[in-house]
*Asks:* 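Let me give you the structure first, and then I'll get to my questions.
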2 protein chains.
Amino acid sequence: MIAKINLKEQGLTETTPRLAVLKAMEANTAQHMSADDVYRYLLERDRPLPMSTVYRVLAQFEQAGIVERHSFDAERTKQVYELKDSEHHDHMICIKCRSVHEFLDPQIESRQIEIVENLGFSLTDHSLNLYGICAGCDRKDAQSEEAIKQ
Amino acid sequence: MIAKINLKEQGLTETTPRLAVLKAMEANTAQHMSADDVYRYLLERDRPLPMSTVYRVLAQFEQAGIVERHSFDAERTKQVYELKDSEHHDHMICIKCRSVHEFLDPQIESRQIEIVENLGFSLTDHSLNLYGICAGCDRKDAQSEEAIKQ
DNA sequence: ATACGAATGCGAATCAGTCGCAATACCATT
DNA sequence: AATGGTATTGCGACTGATTCGCATTCGTAT
Ligand SMILES: [Mn+2]
Ligand SMILES: [Mn+2]
Ligand SMILES: [Zn+2]
Ligand SMILES: [Zn+2]
């Protein structure tokens with residue numbers, strides 16, 4: 001399901017830092033990784049890379065279309081990256097546990113295009129983030145409320 | 001159309017800085033204001049406020065539900081604020097001229113709720129930003145392309 | 001007018017991310 | 001395999017946006 005990414009095919013020479021960051025991303029497809037996550041992953045499991053290089057390589061990857069950058073978290077500004085090999089999707093973020101659920105809704109996707117067309121606007125990109133409380137946290141909330149009542 | 005905002009009703013004492021920031025926001029409902037925009041507006045038209053106070057007051061307003069904070073601009077992290085007296089709406093941002101168009105689509109709004117309900121998630125907030133090129137910039141683009149051909 | 005807590009002004013600090021530049025690594029060519 | 005020129009890296013310094021600490025001042029209820 002994950003297409004093997006070849007740096008050369010993306011117009012990037014294969015250097016040690018780039019391969020390391022790519023490996024870090026491929027080893028963590030289940031999560032959205034901050035630059036710091038990548039940094040720490042490499043520090044622990046591979047060889048350390050300076051943060052500036054991590055950022056630089058991620059920026060190169062973003063330009064090459066290998067990764068996508070998001071900023072969830074309406075308050076904080078920390079950015080996260082994910083490999084772009086899967087299909088486009090939007091995100092649902094739990095404001096309690098920070099977990100992120102991915103989804104794709106064809107109705108919303110196509111409606112967006114209709115909206116912009118009606119305004120002579122051409123769409124290049126979009127970001128839809130839903131914020132709320134996930135099923136797991138909701139359950140925990142209910143439990144602790146009950147506990148307080150005792 | 002703009003409901004007069006009363007600080008006391010929002011649980012905030014009426015201090016000079018707070019009234020000044022509120023006036024700045026009310027005088028600029030047509031745009032989304034950065035903290036710096038507010039700072040400069042007050043510097044020029046009113047009395048100067050330190051940036052830290054501008055930020056603090058905007059944060060207080062956000063908590064009180066008087067303003068809403070957004071971060072458009074997928075790359076940069078600069079945040080902007082707008083008075084929350086109008087109805088909820090989403091944003092369409094021109095990546096050329098940075099102009100922002102506001103819209104509200106009932107279909108998308110209700111679809112979002114359906115999506116989260118199906119997942120036992122409870123929705124507290126959302127942000128939908130469409131990025132692209134506005135009609136005006138599109139026209140200018142076409143013109144300059146023609147000019148190059150000559 | 002007084003007193004107390006809340007809010008402000010000031011500058012220092014933080015935080016994420018970027019930049020300049022000398023040292024190094026790639027890679028095509030001998 | 002050595003060479004050379006370019007692209008990339010490592011390092012630290014730097015930036016811009018935002019936040020914090022704390023002494024001072026303001027707002028409000030006596
Ligand atoms: Mn994702
Ligand atoms: Mn708006
Ligand atoms: Zn959760
Ligand atoms: Zn435009």
Side-chain angles (χ1 to χ4, degrees), chain A residues 6-25 32-43 46-64 66-82 98, chain B residues 5-25 31-43 46-64 66-82 98:
Chain A
N6 184 302
L7 293 180
K8 283 183 190 152
E9 283 173 13
Q10 312 296 326
L12 294 173
T13 55
E14 282 188 346
T15 66
T16 316
R18 296 214 260 239
L19 288 168
V21 172
L22 183 57
K23 232 174 58 185
M25 292 303 291
H32 297 85
M33 302 275 282
S34 67
D36 199 60
D37 291 335
V38 172
Y39 174 82
R40 286 209 308 278
Y41 178 88
L42 294 175
L43 189 68
D46 207 310
R47 83 185 48 211
L49 275 193
M51 271 303 268
S52 54
T53 297
V54 173
Y55 273 112
R56 233 173 342 210
V57 169
L58 286 171
Q60 292 158 358
F61 283 8
E62 193 189 6
Q63 277 207 196
I66 296 171
V67 303
E68 191 161 340
R69 177 160 43 153
H70 305 287
S71 75
F72 304 147
D73 216 324
E75 296 107 53
R76 290 181 220 161
T77 47
K78 199 172 201 178
Q79 320 234 37
V80 293
Y81 301 80
E82 68 178 321
R98 290 282 133 204
Chain B
I5 290 168
N6 184 301
L7 293 180
K8 282 183 192 151
E9 283 173 14
Q10 312 297 325
L12 294 173
T13 55
E14 283 189 344
T15 66
T16 317
R18 297 215 259 238
L19 288 168
V21 171
L22 183 56
K23 233 173 58 183
M25 292 304 289
Q31 25 183 329
H32 297 85
M33 302 276 283
S34 67
D36 199 61
D37 290 335
V38 172
Y39 173 83
R40 284 209 309 278
Y41 178 87
L42 294 175
L43 190 68
D46 206 310
R47 84 183 47 209
L49 275 193
M51 270 304 269
S52 54
T53 298
V54 172
Y55 273 110
R56 232 174 342 212
V57 169
L58 286 170
Q60 292 159 357
F61 283 9
E62 192 190 6
Q63 276 209 195
I66 296 171
V67 303
E68 190 161 340
R69 177 159 42 152
H70 305 286
S71 77
F72 304 147
D73 217 324
E75 295 106 54
R76 289 180 215 166
T77 46
K78 199 173 202 177
Q79 321 233 39
V80 293
Y81 301 79
E82 67 179 320
R98 288 283 132 204

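Proteins come first, then strands; the chains are lettered A, B, ... in the order of their sequence lines, and each starts at number 1.
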*Asks:* For the atom pair CZ (B:Phe72) and NZ (B:Lys78), what is the distance rounded to the nearest 0.5 Å?
*Replies:*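 Rounded to the nearest 0.5 Å, the CZ-NZ separation comes out at 13.5 Å.
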*Asks:* Using the side-chain contact (heavy atoms from CB on, under 4.5 Å) definition, which of the options A:Glu68, A:Met25, A:His32 pairs with A:Tyr81?
*Replies:*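 It is A:Met25; the other options fail the test.
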*Asks:* Just how far, in rounded Å, is C1' of D:dA17 from CZ of B:Phe72?
*Replies:*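 Atom CZ in B:Phe72 sits about 17 Å away from atom C1' in D:dA17.
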*Asks:* Quick one: which of C:dC10, C:dA7, D:dG10 gets closest to the side chain of A:Leu49?
*Replies:*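 Closest nucleotide to the A:Leu49 side chain: D:dG10.
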*Asks:* Can you tell me which residue among B:Thr53, B:Asp37, B:Val21 is in a side-chain contact (heavy atoms from CB on, under 4.5 Å) with B:Leu42?
*Replies:*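 Between B:Leu42 and the candidates, side-chain contact (heavy atoms from CB on, under 4.5 Å) is satisfied uniquely by B:Val21.
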*Asks:* Counting only heavy atoms not in B:Glu14 (residues, nucleotides, ligands), do more than 12 fall under 6.0 Å from its CD?
*Replies:*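 Yes, enclosed.
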*Asks:* Using atom CD of A:Gln10 as one end and atom P of D:dA7 as the other, report the distance to the nearest whole Å.
*Replies:*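 Result: 19 Å.
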*Asks:* Quick check: do A:Met51 and A:Asp36 have side-chain heavy atoms less than 4.5 Å from each other?
*Replies:*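 In contact.
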*Asks:* Rounded to the nearest 0.5 Å, what separation is found between the CG atom of A:Leu49 and the CG atom of A:Leu43?
*Replies:*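 A:Leu49 atom CG to A:Leu43 atom CG measures 9.5 Å (nearest 0.5 Å).
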*Asks:* Starting at atom CE of B:Met33, determine the distance to atom P of D:dA17, rounded to an integer number of angstrom.
*Replies:*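 Value for this atom pair: 15 Å.
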*Asks:* Side chains of B:His70 and B:Gln79 only: does a donor on one sit below 3.5 Å from an acceptor on the other?
*Replies:*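 Result is no, nothing qualifies.
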*Asks:* Any side-chain heavy-atom pair from A:Asp46 and A:Tyr41 closer than 4.5 angstrom?
*Replies:*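 Side-chain contact under 4.5 Å: no.
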*Asks:* Starting from C1' on C:dG9, measure out to CZ on B:Arg18 and report it in whole angstrom.
*Replies:*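 Going from B:Arg18 (CZ) to C:dG9 (C1'), I get 15 Å.
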*Asks:* Could you state the atom-to-atom distance from NZ of A:Lys78 to P of D:dT19 in whole Å?
*Replies:*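 For the pair A:Lys78 NZ and D:dT19 P, the rounded distance is 16 Å.
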*Asks:* Mind calculating the distance between CG (B:Leu42) and C1' (C:dT8) to the nearest angstrom?
*Replies:*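 Checked: the CG to C1' distance equals 14 Å.
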*Asks:* For residues 5-13 of chain B, dump all side-chain donor-acceptor pairs below 3.5 Å to protein atoms at least two apart in sequence or in another chain.
*Replies:*
residue	atom	partner	partner atom	Å
B:Asn6	OD1	B:Lys8	N	2.9
B:Asn6	OD1	B:Glu9	N	3.1
B:Thr13	OG1	B:Arg18	NH2	2.8

*Asks:* Expressed in angstrom and rounded to an integer, what is the separation of B:Tyr39 atom OH from D:dA17 atom P?
*Replies:*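 About 13 Å, once rounded to whole Å.
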*Asks:* With 3.5 Å as the limit, what N/O pairs link the protein to nucleotides 24-29 of chain C?
*Replies:*
residue	atom	partner	partner atom	Å
C:dC26	OP1	A:Thr16	OG1	2.9

*Asks:* Please report, rounded to the nearest Å, how far the P atom of D:dT18 is from the CG atom of B:Asp36.
*Replies:*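 The distance from CG of B:Asp36 to P of D:dT18 comes to 9 Å, rounded to the nearest Å.
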*Asks:* Taking only heavy atoms on the protein side, list every residue of residues 51-61 of chain B lying under 4.0 Å from any atom of DNA chain C, sorted numerically.
*Replies:*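 The stretch gives B:Ser52, B:Thr53, B:Arg56, B:Gln60 as the residues lying under 4.0 Å from the strand, ordered by number.
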